[in-house]
Number of protein chains: 2
Amino acid sequence: MAVTLKDVAKLAGVSRSAVSRTYTDGASVSDKTRKKVEKAARELGYRPSLIARSLATNRTKLIGLIANNFQNPIFLEVFDLYTRALQKRGLRPLIVNLTDETDPEHSVQMLRQYNVDGVIVATSTLRPYFAKAFKDANMPVVHAFGRAEVGTDVHVVGIDNQACGKMAAETLLLHGYERIAFLGGPESATSTQDRATGFLGHLRDQGVVPVDVRYADAYGYQAGRDAMREVLKVEGVEAVFCGDDLICMGAMDETRQKGIRVPDDIGFIGFNDMAMAQWQAYNLTTVRQPTHDIILSSIDLVATLVEEPEKSLELRIFPCEVVERGTLRPLSQ
Amino acid sequence: MAVTLKDVAKLAGVSRSAVSRTYTDGASVSDKTRKKVEKAARELGYRPSLIARSLATNRTKLIGLIANNFQNPIFLEVFDLYTRALQKRGLRPLIVNLTDETDPEHSVQMLRQYNVDGVIVATSTLRPYFAKAFKDANMPVVHAFGRAEVGTDVHVVGIDNQACGKMAAETLLLHGYERIAFLGGPESATSTQDRATGFLGHLRDQGVVPVDVRYADAYGYQAGRDAMREVLKVEGVEAVFCGDDLICMGAMDETRQKGIRVPDDIGFIGFNDMAMAQWQAYNLTTVRQPTHDIILSSIDLVATLVEEPEKSLELRIFPCEVVERGTLRPLSQ
DNA sequence: AAAAATTTTGCAACCGGTTGCAATATTGTC
DNA sequence: GACAATATTGCAACCGGTTGCAAAATTTTT
């Protein structure tokens with residue numbers, strides 16, 4: 001049915017190798033042959049089969065993209081960037097939706113069967129051993145948004161969550177807040193843990209005792225609301241650092257629904273700077289994570305690893321910055 | 001490097017066919033042989049290569065999933081559902097991100113090269129000929145969220161946008177609104193056009209002249225805000241039907257920023273019922289689109305088409321419903 | 001227990017490409 | 001123009017599976 005090498009070769013009056021070489025860069029074909037082949041290919045509407053090529057070359061141009069946070073709009077941005085950037089390099093993502101799955105085994109097998117060239121684990125809510133499983137299966141793997149953990153020799157591209165947590169603390173203190181609460185994401189996520197460490201550590205260093213430390217069940221809106229309901233039971237909370245913008249929006253909605261004003265009565269600072277943080281209804285002051293850089297860099301890294309599997313371990317950490325909008329009270333002059 | 005059929009065959013002391021048959025359902029293998037093969041496979045950690053299988057069977061288990069609305073959170077839900085539902089059937093999506101690309105040719109070639117089993121075009125903002133291009137390239141294709149257009153013989157799963165537009169109009173009239181504006185999505189999208197037709201048609205039938213008819217540049221938040229700024233220049237607008245929830249949220253934010261209250265001064269009704277429509281800050285009354293049904297059904301349909309390419313043309317239309325929340329004034333008793 | 005019917009098995013060709021190698025053609029050198 | 005160096009070409013094996021077919025093994029029938 002489909003047009004194959006052989007058909008083109010016959011029409012062009014050359015060998016199959018010649019046709020193959022026309023479509024393999026770096027291969028040796030004379031201009032004359034190439035012209036003939038291209039003409040024949042055009043007439044027949046020929047496209048080389050990537051499947052067959054994959055089988056022969058042992059390269060598929062597929063990159064497994066593992067994610068589990070399909071509820072969080074930040075992932076839409078992540079996803080848009082990944083698909084576009086991979087596309088631009090002639091690669092394609094093979095998405096694995098991990099929603100409620102924690103055993104890497106199944107994903108590993110699946111991606112191995114598709115013979116993906118590499119894997120990007122793009123989530124901060126999985127334990128590092130998850131990414132490690134791919135490495136053990138001999139696939140190049142990069143943990144994007146991951147944590148650099150000793151002993152887990154997997155390449156990581158991300159941010160220094162501890163430093164970012166500290167930045168949030170500094171910002172709140174700078175704005176003169178004293179009765180401060182921490183409302184993190186799921187406690188099991190390394191990103192949450194690190195942000196908590198950095199945030200609470202800096203408060204402690206400054207002699208400030210947090211009025212509440214609490215963790216939402218998920219990086220989600222409702223989880224944020226639910227957790228905030230508890231935080232609000234504490235008397236006189238002045239400001240809250242939320243471990244994620246989405247959680248922060250839920251928390252703000254819960255707060256406002258109680259008739260408490262933001263930022264007049266309670267200030268908020270979020271994390272991520274997702275597109276929605278700019279929305280008028282929230283206008284969120286937040287710690288910006290350089291999603292763009294992380295994604296491009298992780299693609300770069302995985303592409304390098306494909307060529308150079310034994311490349312020595314790399315941690316690529318990008319800086320965050322605080323974006324001041326309207327959810328903290330103004331700096332006192 | 002990788003373990004192949006041959007290795008397993010040798011260890012199990014059987015022919016390669018026997019091994020292959022063990023992993024092909026419906027093939028004839030005795031229990032004894034199967035046991036031997038499975039034991040050997042387990043010892044070696046063997047998994048059949050899907051690439052090789054694809055080459056031999058001409059089936060890849062890959063479904064091309066074409067989308068272009070990576071800015072709209074509704075797509076995150078769509079995406080989550082697609083990946084999970086496909087996964088469950090042993091299929092995998094091969095995502096094509098169409099952001100600012102309108103020529104189907106490139107996507108067609110790409111998916112043809114990957115030899116996808118079928119294609120789902122999951123967007124309402126592409127012209128039907130886009131989906132048609134895949135059909136012309138002899139791939140089973142389903143246009144999800146598409147419009148049933150005469151002459152474009154492509155399978156469609158979606159909603160009756162005209163009927164839904166009418167429902168929105170009925171709802172506004174029921175609530176006693178008279179000075180009504182229409183704020184649609186991009187005018188080029190068939191979904192927008194149909195919603196407009198249904199909505200404006202019903203108003204006309206009821207003798208109501210809309211105070212404004214306007215189209216946002218995109219199915220997006222900022223586009224909604226910008227368009228609403230114009231709508232607000234019209235004196236005495238009482239209610240707005242937005243062609244999409246995200247647009248509606250933008251429109252509401254613009255409205256409130258001007259100090260105009262929702263729903264006291266202006267009422268809003270959206271479209272889609274995306275997860276965020278429930279958020280406290282918006283609490284949107286909206287026309288619910290049965291995303292879940294559309295997605296499952298489109299997967300079903302495309303899977304059927306893979307087996308039965310000549311299946312006669314099908315349009316699967318699901319009903320919408322109005323979800324009343326808090327952005328319209330209460331029904332007068 | 002032999003014959004017939006059925007099930008299981010291995011052989012070998014095939015899916016659509018790539019690539020090392022040796023043969024051939026082309027180009028450059030003197 | 002002869003010879004060497006280099007570029008191009010085709011052959012054939014291979015990537016890792018599947019599958020039609022005939023032979024072999026097993027089960028059923030008489």
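Lettering of chains follows the sequences in order, A, B, ..., and the numbering in each one begins at 1.
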Report the end-to-end axis angle of the helix from C/dA1-D/dT30 to C/dC30-D/dG1; each axis comes from five terminal pairs, and the value is rounded to 10°. 30°

Nearest-angstrom distance from the residue atom CG of A/D25 to P of C/dT19: 11 Å

Can a side-chain donor-acceptor contact be found between A/Q113 and A/Q109 if the only test is distance below 3.5 angstrom? no

I need the CG-P distance between A/L55 and C/dG16, as an integer number of Å. 12 Å

Heavy-atom pair of closest approach, residues B/A144 and B/I120: CB-CG2, 4.1 Å

Any idea which of C/dT9, C/dC15, C/dT19 is nearest the B/S30 side chain? C/dT9

Between P on D/dT19 and CZ on B/R59, what's the gap in Å once rounded to a whole number? 10 Å

For B/L76, all residues meeting side chain to side chain contact (heavy atoms under 4.5 Å, CB included), sequence neighbours excluded: A/F75, A/L76

With a 4.0 Å cut-off on heavy atoms, is A/V19 in touch with a base, just the backbone sugar-phosphate, or nothing at all? nothing

Euclidean distance, atom CG of residue A/D31 to atom P of C/dT27 [Å, nearest integer]: 11 Å

Is the backbone N or O of B/Q289 less than 3.5 Å from a side-chain atom of B/T291, with the two atoms forming a donor-acceptor pair by type? yes

Counting N and O atoms only, with roles assigned by atom type, does the side chain of A/K61 sit under 3.5 Å from a partner on the main chain of A/R92, one being a donor and the other an acceptor? no

Check each residue of residues 4-16 of chain B for a non-hydrogen atom within less than 4.0 Å of any atom in DNA chain D, then write out the ones that pass by number, or none. B/T4, B/L5, B/R16

Need to verify one output field. Residue with the more 5' nearest nucleotide on DNA chain C, B/A18 or B/N58? B/A18

Show me the side-chain donor-acceptor pairs of residues 17-28 of chain B shorter than 3.5 Å, one per line, residues at least two apart or across chains.
unit_1, atom_1, unit_2, atom_2, d
B/T22, OG1, B/A18, O, 2.8
B/T24, OG1, B/S20, O, 2.7

Under the side chain to side chain donor-acceptor pair (under 3.5 Å) definition, can you give me all pairs with a residue in residues 71-84 of chain B, not counting sequence neighbours? A/N97-B/D80, A/N97-B/T83, B/N72-B/D244, B/D80-B/R84, B/Y82-B/S298

The criterion is side chain to side chain contact (heavy atoms under 4.5 Å, CB included); which residues satisfy it with A/K39, sequence neighbours excluded? A/E43

Rounded to the Å, how far apart are A/Y23 OH and C/dG16 C1'? 14 Å

Can you sort out the partners of A/N58 under side chain to side chain contact (heavy atoms under 4.5 Å, CB included), two or more places apart, ordered by chain and number? A/N115

Is there a residue in residues 37-50 of chain A whose heavy atoms reach under 4.0 Å of DNA chain C, and which residues are they? A/Y46, A/R47, A/P48, A/S49

For a quick check of understanding: with a heavy-atom distance under 4.0 Å over all strands, which category does A/S20 fall into, base, sugar-phosphate or nothing? base

Just to verify, what does A/H106 make a side chain to side chain contact (heavy atoms under 4.5 Å, CB included) with, not counting sequence neighbours? A/E101

Rounded to whole Å, please give me the gap between OH in B/Y114 and C1' in C/dG17. 15 Å

Which atom pairs, donor and acceptor, lie under 3.5 Å between side-chain atoms of residues 121-130 of chain B and protein residues at least two apart or in another chain?
unit_1, atom_1, unit_2, atom_2, d
B/T123, OG1, B/N68, OD1, 2.9
B/T123, OG1, B/T125, N, 2.9
B/T123, OG1, B/T125, OG1, 2.9
B/S124, OG, B/S191, OG, 2.9
B/T125, OG1, B/N68, OD1, 3.2
B/T125, OG1, B/N68, ND2, 2.8

Is the side chain of B/D117 donor-acceptor paired with the backbone N or O of B/I63 at a distance under 3.5 Å, no angle test? no

With a 6.0 Å cut-off (strictly less than), is the heavy-atom count around NZ of A/K311, excluding the residue itself, greater than 12? yes

With sequence neighbours excluded, tell me which residues meet side-chain hydrogen bond (donor to acceptor under 3.5 Å, both in side chains) with A/R59. none

Counting primed atoms, P, OP1 and OP2 as sugar-phosphate and everything else as base, the B/S/- map of nucleotides 20-26 of chain D against protein heavy atoms under 4.0 Å is BB-----

When the distance from CZ of A/R53 to P of C/dC15 is rounded to whole Å, what number comes out? 19 Å

